[in-house]
J.: 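One structure, pasted below without further comment.
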Amino acid sequence: MEEKYIPATVEGKWQKIWEENKSFKVTEDPAKHKYYLLEMFPYPSGRIHMGHVRNYSIGDVVGRFKRMRGFNVLHPMGWDAFGMPAENAAIQNKSHPAKWTYENIAYMRSQLKKMGLSYDWDRELATCDVDYYKWEQKMFLEMYEKGLAYKKTSFVNWCPKCETVLANEQVEDGACWRCDSDVNQKELEQWFFRITHYAEELLEHTNRLPGWPERVLVMQRNWIGKSFGCEIDFPVEGLMKRVTVFTTRQDTLYGATFMSLAPEHPMALELTTPDRRAEVEAFIDTVKKTDKTRRTAEDFEKEGVFTGSYCINPVTNRRMPIYLANFVLLDYGTGAVMAVPTHDQRDFEFARKYDLPLQVVIQPVGETLDPAAMTCAYTEVGIMANSGPFDGMRSDEAKEKIAEYLDKEGVGKKTVNFRLRDWGISRQRYWGNPIPVIYCDACGVVPVPEKDLPVVLPMDVAFTGEGGSPLAKLDSFFNVSCPQCGQMARRETDTMDTFVQSSWYFLRYCCPDFTSGPIDRARAEYWMSVDQYIGGIEHAVLHLLYARFFTKALRDLGYVNVEEPFTNLLTQGMVIKDGAKMSKSKGNVVDPDALINRYGADTARLFSLFAAPPEKDLDWSDQGVEGSYRFLNRVWRLVCDALPFVGTAGVVDSASLSDAARGLRRVVHKTIKKVTDDIDERFHFNTAIAAVMELVNAIYAFEPKNAPENAAVLKEAVESVVLMLSPFVPHVTEELWEALGHQGGVEDASWPTYDPEAAVDEELLVVVQVNGKLRGKVTVAADATEAQVKELAFADDRVKSWLEGKQVRKAIYVPGKLLNIVVG
RNA sequence: GCCCGGAUGGUGGAACUGGUAGACACAAGGGAUUUAAAAUCCCUCGGGGGCGACUCUGUGCGGGUUCGAGUCCCGCUCCGGGCACCA
């Protein structure tokens with residue numbers, strides 16, 4: 001073995017061996033416990049960043065650890081390879097998204113391999129491969145048949161120059177992020193997944209995910225947003241129509257004095273009287289031009305317009321003017337709100353602005369509100385007033401009574417409303433999975449027959465960056481004969497949201513070579529669910545909710561038998577430097593390549609695991625990296641120095657050990673216990689590493705190393721260090737393991753076992769307190785009785801001085817730990 | 001506004017069910033080795049007082065429970081995150 005630790009040599013050597021031996025290839029083995037470990041796959045943006053280094057280092061520790069513990073570990077990696085950056089890069093470089101993407105994948109794969117990550121590379125997949133996305137098309141069509149995929153018209157952010165839909169995040173101050181044109185609201189027909197069908201189950205099952213961080217579950221519950229309330233019908237005066245509202249505050253129904261509809265509400269124009277028409281149309285137009293983000297901002301001025309029509313409050317018979325109001329959202333509830341200005345702040349502001357009547361129906365206890373004097377709405381619980389038969393009741397109790405009453409009278413019903421909206425998956429983009437649908441003038445929407453799948457994304461397209469999807473201009477793609485009637489028809493040119501691909505990739509990893517369907521049920525049943533999923537918190541709602549939905553949908557299509565895809569979830573923190581998230585604009589980016597070239601992958605991994613527990617943000621420190629590198633050198637030297645003495649060592653004979661040797665063994669086995677628990681139960685790699693560092697310090701202090709009777713203990717200690725560090729720093733430990741005379745890689749060795757007997761303390765340090773303050777320490781035999789400990793403690797000079805002249809009231813003894821003497 | 005987190009030395013962090021606060025590192029200072037440096041090794045390292053053994057004080061702030069509180073309870077402050085014109 002080399003005297004000097006040279007990371008590049010060691011790492012290259014073992015990476016090659018792992019690659020050639022396919023060391024981490026796995027197959028289903030019913031005899032072994034399976035462990036499916038997954039880290040969120042990366043978007044191939046070009047190069048890996050420190051966030052990836054951290055994410056994948058964390059995963060690799062778990063994978064290698066579980067493997068050494070005897071689990072059959074599935075640990076795959078792939079590429080979330082469709083998406084807009086590829087298309088934008090292609091437009092900019094006059095290249096092709098496929099070329100850009102595959103080049104990035106090739107480079108990033110080499111980077112990941114340089115990190116020594118224990119992936120089964122045979123399972124690698126890229127979502128832009130036809131062999132991947134074709135299955136998604138099949139699943140889409142099956143979802144379409146079941147009504148889980150459907151088309152509807154909705155309002156979206158639209159950039160007129162780019163001729164495409166923009167996500168809310170892509171609209172900056174009402175303008176397109178790319179061309180700065182004003183974004184408007186456009187009504188478009190788009191494909192949706194009916195995630196709302198699973199709203200109840202998605203919500204309910206958050207209670208079945210004890211292995212998820214509570215805050216992620218809370219975010220998902222918020223997002224789903226279940227609320228209990230009523231739907232209430234308000235007849236329109238002079239029309240055989242009614243307006244239905246959703247409310248959670250049916251207790252305020254008697255105070256509803258006007259009606260507010262979303263400007264996009266289908267009845268808006270119908271309800272508009274001829275004299276109001278011009279004003280109403282102008283208002284609707286203005287609202288539609290406002291982007292959603294701005295419109296839903298809290299400080300946005302509440303505005304509205306009177307339609308000229310009235311509806312009737314079903315319980316008071318009050319004539320309520322119908323307004324359109326900019327703050328009412330079409331896609332929440334029914335798009336119509338009964339306005340109770342006295343008990344809702346928005347309605348209050350609206351009523352003041354347009355001089356609408358106020359009627360108090362809930363009085364605070366011991367107070368009487370005067371509508372004329374109110375400066376804000378009263379939204380708390382109170383006593384019902386002006387509410388007919390409900391007067392005098394507590395308003396929270398009246399809620400239920402009024403709901404029953406409405407139900408009985410047939411003007412309303414109890415209902416549940418969700419904030420969650422169906423998932424719009426259409427993207428007017430080229431670089432995505434084509435939605436396998438054909439439009440025929442005669443037959444309408446015609447799904448592409450299964451025998452004609454896949455709809456391959458054509459490669460021969462031109463990228464101009466303007467004028468919408470290039471697919472619409474490619475005749476060979478666009479023009480198609482109708483599968484039903486054979487007449488000329490048009491192909492759908494929208495592609496699927498890239499979140500669709502990441503909603504089931506974990507299933508494909510179970511069987512990436514399966515050719516008769518997307519998922520090999522038998523293999524998926526063996527591997528699923530994912531035992532440990534690791535990724536950033538930024539996906540708390542989007543990806544993690546979509547994947548849960550998709551799994552449930554696939555269950556209902558008969559593909560899988562699991563309810564939930566991810567049993568345990570670890571959300572790692574961000575990588576921070578100089579107090580800010582690493583970013584080019586801040587100039588605080590650490591390049592993984594440079595780091596690895598200088599110190600090696602092991603140091604990069606060690607530091608990112610040691611500096612903070614995984615769920616916390618990691619503060620990057622160049623000096624900290626230096627320290628991790630020093631530690632690896634220290635371990636290297638330790639093994640080098642011990643090598644001459646441990647070569648012929650046999651098994652430890654615990655009966656004939658010196659005090660020092662017994663002491664070292666004690667540290668070894670205590671460390672094994674701590675490191676095992678820290679990794680397995682808590683994922684606290686920083687403390688696990690700290691414990692090994694302490695062990696290394698103890699071995700350094702252990703003397704004499706060259707005594708033959710110490711050889712076995714020294715060997716046990718050194719080998720334990722190597723084994724316990726191997727999940728963190730696999731290359732250097734692999735080299736040291738070999739140097740210690742072992743055949744077969746350290747990744748195939750067994751995790752060291754904790755021997756409680758060796759770890760047992762012969763003596764214990766008991767802390768002595770007087771009135772809760774530390775006044776002394778006594779060393780006692782491990783089996784010392786309380787009486788013996790007390791005797792020693794009371795004999796201690798320092799303790800004695802604190803007891804002098806005082807009356808001992810009592811003494812509390814925590815066995816083997818602490819004695820607190822209470823004096824008065 | 002509502003809902004989650006969090007606040008511990010110069011820094012990152014440790015203290016797992018209430019029981020020695022500051023493990024392990026980083027930085028800093030001192031020393032050994034060296035012609036010199038790097039590397040390595042050893043020592044000091046929350047604050048105040050004392051030559052010293054020691055002692056007082058200290059985990060964002062104010063109370064409380066307890067023999068004992070970084071940890072539990074009540075009330076605040078600040079920071080981070082999520083949700084929010086959601087009817």
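The model shown is predicted, which means the values in this text are computed figures rather than measured ones. So that the names make sense, note that chain A is the first sequence line, chain B the second, and so on, each numbered from 1.
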J.: Taking only side-chain nitrogens and oxygens of A:R630, does any of them come within less than 4.0 Å of OP1 or OP2 of B:A27?
T.: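 For B:A27, OP1/OP2 do have a side-chain N/O of A:R630 under 4.0 Å.
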J.: Between B:G46 and B:U59, how far apart are the two P atoms, rounded to whole Å?
T.: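 The same atom, P, in both gives a distance of 16 Å.
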J.: More 5' along RNA chain B: A:D347 or A:I812, using each one's nearest nucleotide?
T.: A:I812
J.: With a cut-off of 3.5 Å and sequence neighbours excluded, list every side-chain donor-acceptor pair involving residues 673-683 of chain A.
T.:
{"residue": "A:K673", "atom": "NZ", "partner": "A:D677", "partner atom": "OD2", "Å": "3.0"}
{"residue": "A:K674", "atom": "NZ", "partner": "A:D678", "partner atom": "OD2", "Å": "2.9"}
{"residue": "A:T676", "atom": "OG1", "partner": "A:I672", "partner atom": "O", "Å": "2.5"}
{"residue": "A:T676", "atom": "OG1", "partner": "A:W751", "partner atom": "NE1", "Å": "2.9"}
{"residue": "A:D678", "atom": "OD1", "partner": "A:R682", "partner atom": "NE", "Å": "3.4"}
{"residue": "A:D678", "atom": "OD1", "partner": "A:R682", "partner atom": "NH2", "Å": "3.2"}
{"residue": "A:D678", "atom": "OD2", "partner": "A:T687", "partner atom": "OG1", "Å": "2.8"}
{"residue": "A:D678", "atom": "OD2", "partner": "A:A688", "partner atom": "N", "Å": "3.4"}
{"residue": "A:D680", "atom": "OD1", "partner": "A:K66", "partner atom": "NZ", "Å": "3.0"}

J.: Under 4.0 Å, counting only non-hydrogen atoms across every strand here, what does A:I537 touch: a base, just sugar-phosphate, or nothing?
T.: nothing
J.: When you compare B:A14 with B:A23, how far apart are their C1' atoms, in angstrom units rounded to a whole number?
T.: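 It comes out at 5 Å once rounded to the nearest Å.
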J.: Checking only heavy atoms, does the side chain of A:K810 share a donor-acceptor pair with the base of B:C67 at less than 3.5 Å?
T.: no
J.: Distance check needed: B:G82 C1' versus A:L545 CG, whole Å only.
T.: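 Taking CG of A:L545 and C1' of B:G82, I get 15 Å after rounding.
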J.: Please give the distance between the C1' atoms of B:U20 and B:G31 as a whole number of Å.
T.: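 Their C1' atoms lie roughly 30 Å apart.
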J.: With sequence neighbours excluded, give me every side-chain hydrogen bond (donor to acceptor under 3.5 Å, both in side chains) pair touching residues 209-219 of chain A.
T.: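 Qualifying pairs, neighbours excluded: A:E214-A:R221.
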J.: What's the gap between B:G6 and B:G10 when it is taken at their P atoms, as a whole Å value?
T.: 23 Å
J.: Enumerate the side-chain hydrogen bond (donor to acceptor under 3.5 Å, both in side chains) contacts for residues 624-633 of chain A, please, sequence neighbours excluded, ordered by first and then second residue.
T.: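 Every side-chain hydrogen bond (donor to acceptor under 3.5 Å, both in side chains) pair that includes a residue of residues 624-633 of chain A, provided the two are not neighbours, is A:Y599-A:E626.
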J.: Expressed as a whole number of angstroms, how long is the span from A:L329:CG to B:A87:C1'?
T.: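 Those two atoms, CG and C1', are 9 Å apart.
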J.: Do the side-chain N and O atoms of A:R419 and A:N222 include a donor-acceptor pair separated by under 3.5 angstrom?
T.: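 There is no such pair (donor and acceptor under 3.5 Å, judged by atom type) between the side chains of A:R419 and A:N222.
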J.: Choosing from B:A84, B:C26, B:G19, which nucleotide comes nearest the side chain of A:R419?
T.: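 The closest nucleotide is B:A84.
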J.: Would one find a side-chain N or O of A:N222 under 4.0 angstrom from OP1 or OP2 of B:C4?
T.: no
J.: Which nucleotides of nucleotides 10-18 of chain B have their base under 4.0 Å from a protein heavy atom (B), which only their sugar-phosphate (S), and which neither (-), written as one string 5' to 3'?
T.: --BSSSB--
J.: Less than 4.0 Å between a side-chain N and a carboxylate O, is that true for A:K705 and A:E703?
T.: yes
J.: Is the shortest distance from a Lys or Arg side-chain nitrogen in A:E804 or A:K800 to a carboxylate oxygen in the other one below 4.0 Å?
T.: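 Here A:E804 does not pair with A:K800 in a salt bridge, since their nearest N and O are not under 4.0 Å apart.
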J.: If you measure from the P atom in B:G63 to the same atom in B:G19, how many Å do you get, rounded?
T.: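 To the nearest whole Å, 24 Å.
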J.: Just call it for A:R215: base, sugar-phosphate, or nothing, with non-hydrogen atoms closer than 4.0 Å on any strand.
T.: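 Sugar-phosphate, backbone atoms only, no base.
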J.: Heavy atoms from C-beta onward define the side chain here; which of B:G19, B:C85, B:A87 lies closest to that of A:K817?
T.: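 When the side chain of A:K817 is considered, B:G19 is the closest of B:G19, B:C85, B:A87.
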J.: Holding to salt bridge (Lys or Arg N to Asp or Glu O under 4.0 Å), I want the full list of residues that pass it with A:K777, two or more places apart in sequence or in another chain.
T.: none
J.: Who passes ring-ring contact (aromatic ring centres under 6.0 Å, His included) against A:Y378, sequence neighbours left out?
T.: none
J.: So does A:R221 get a side-chain nitrogen or oxygen closer than 4.0 Å to the phosphate oxygens (OP1/OP2) of B:C4?
T.: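 No, outside the criterion.
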J.: Between atom CG in A:L217 and atom C1' in B:G82, what is the gap in whole Å?
T.: 13 Å
J.: As a test of reading the structure: which of B:A25, B:G19, B:G81 is closest to the side chain of A:M693, going by heavy atoms?
T.: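 Nucleotide nearest to A:M693's side chain: B:A25.
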J.: Roughly how far apart, to the nearest Å, are B:A15 and B:U71 at atom P?
T.: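 To the nearest whole Å, 15 Å.
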J.: ring-ring contact (aromatic ring centres under 6.0 Å, His included) with A:F728: which residues, sequence neighbours excluded?
T.: none
J.: Can you tell me the distance, in whole Å, between the CD atom of A:E538 and the P atom of B:C83?
T.: 13 Å
J.: Would you please name every residue forming a ring-ring contact (aromatic ring centres under 6.0 Å, His included) with A:F283, sequence neighbours left out?
T.: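 Expected list: none.
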J.: Say we look at B:G12 and B:G22: how far apart would their C1' atoms be, to the nearest angstrom?
T.: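 Rounded to whole Å, the distance is 13 Å.
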J.: Determine if the base of B:G6 is syn or anti; take syn to mean the glycosidic torsion is within 90° of 0.
T.: anti
J.: Between B:A25 atom P and A:L606 atom CG, what is the distance in whole Å?
T.: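 Rounded to whole Å, this separation is 12 Å.
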J.: Can you tell me which nucleotide in B:G68, B:C3, B:C24 comes closest to the side chain of A:E694?
T.: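 Closest of the options to the side chain of A:E694: B:C24.
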J.: Roughly how many Å is it from CG in A:L764 to P in B:G19, rounded to a whole number?
T.: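 Value for this atom pair: 17 Å.
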J.: Whole angstroms only, please: what is the CD-C1' distance between A:E626 and B:A38?
T.: 12 Å
J.: Starting from P on B:C86, measure out to CG on A:N417 and report it in whole angstrom.
T.: 13 Å
J.: Pairing of RNA chain B as dot-bracket, 5' to 3': ( ) intra-strand, [ ] crossing, | other strand, . unpaired, with Watson-Crick or G-U pairs under 3.5 Å?
T.: (((((((..(((......[....))).(((((.......))))).((((....))))..(((((..]....))))))))))))....
J.: Among residues at least two apart in sequence or on other chains, which ones pass ring-ring contact (aromatic ring centres under 6.0 Å, His included) with A:W620?
T.: A:F607
J.: Name all residues meeting the side-chain contact (heavy atoms from CB on, under 4.5 Å) criterion together with A:K670; count only those two or more places apart in sequence or in a different chain, and write none if there are none.
T.: A:R666, A:A759, A:D761
J.: Scan A:V822 against the nucleic acid and name what it touches under 4.0 Å (heavy atoms): base, sugar-phosphate only, or nothing.
T.: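 The answer is sugar-phosphate, as A:V822 gets under 4.0 Å only of primed atoms, P, OP1 or OP2.
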J.: Does any donor atom in the side chain of A:T196 or A:D422 lie under 3.5 Å from an acceptor atom in the other side chain?
T.: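 Yes, A:D422 and A:T196 have a side-chain donor paired with an acceptor closer than 3.5 Å.
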J.: Nearest heavy atom decides the nucleotide; on that basis, is A:G333 or A:Q623 closer to the 5' end of RNA chain B?
T.: A:Q623
J.: Nucleotide by nucleotide, 5' to 3', does protein get under 4.0 Å of the base (B), only the sugar-phosphate (S), or neither (-) in nucleotides 41-58 of chain B, counting heavy atoms?
T.: S-------------SSS-
J.: Could you walk me through whether A:L356 and A:Y323 pass the side chain to side chain contact (heavy atoms under 4.5 Å, CB included) test, one step at a time?
T.: CA-CA 11 Å; A:L356 292 156; A:Y323 276 73; 3.7 Å; yes
J.: I'd like the P distance from B:A7 over to B:G70, given in whole Å.
T.: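 Pairwise P distance, B:G70 against B:A7, rounds to 14 Å.
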